[in-house]
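Each remark here refers to the structure printed beneath this line.
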Amino acid sequence: MFRPKVPTMPQPTGLVIPSAVVEPSTIAPGVLAPPPAISAPAPFRSANRLTPGTALALVGGGTAVVLVVGAVLVSMLLAVAITATSVAVCAVVIRSLLTRR
C-alpha cells in the first residue's frame with residue numbers, strides 16, 4: 001500500500017504507421033542587402049526625471065518599508081526573548097523541585 005509504483009511505458013498496439021520520409025531541398029543563394037547607413041547619434045537626454053512629488057513618494061515608500069521591516073524584526077526578537085525567559089523559569093522550577101528531596 002505504501003510502496004510507490006513506477007508506471008511502465010505503454011507498448012503500441014495495432015497497426016504502426018512509419019514516419020514520413022523527409023527529402024532534402026536545395027537552397028538558392030539570396031541577394032546581399034547593402035549595410036545600413038550610419039546616422040548621427042541622438043543627443044543624450046536623461047530618461048528619468050525626478051520631480052518633487054516623485055521624490056516625496058520615494059521617501060515615503062522607503063520609510064514605510066523600513067518601519068514594517070523594523071517592526072517585524074523587533075517582534076521576532078521579542079518572541080525569542082519571551083521564549084528564552086519562559087524556558088529559564090521552567091528550568092529553575094524543575095531544578096528546585098528536583099533538589100528538594
(message) Which heavy atom of V93 sits nearest to which heavy atom of S96, and what is that distance?
(response) O-OG, 2.8 Å
(request) Could you tell me whether the side chain of T54 and the main chain of L50 form a donor-acceptor pair under 3.5 Å? (result) no
(request) Would you give the length of the straight line joining atom CG of L58 to atom OG1 of T63, rounded to the nearest 0.5 angstrom? (result) 10.5 Å
(request) Go through the steps for S86 and T83 under the test side-chain hydrogen bond (donor to acceptor under 3.5 Å, both in side chains), then give the verdict. (result) CA-CA 5 Å; S86 65; T83 304; 5.4 Å; no
(request) Indicate if L73 and V65 have the same hydrophobic cluster label, given that clusters are the connected sets of ILVMFWY residues with side-chain heavy-atom separations under 4.5 angstrom. (result) yes
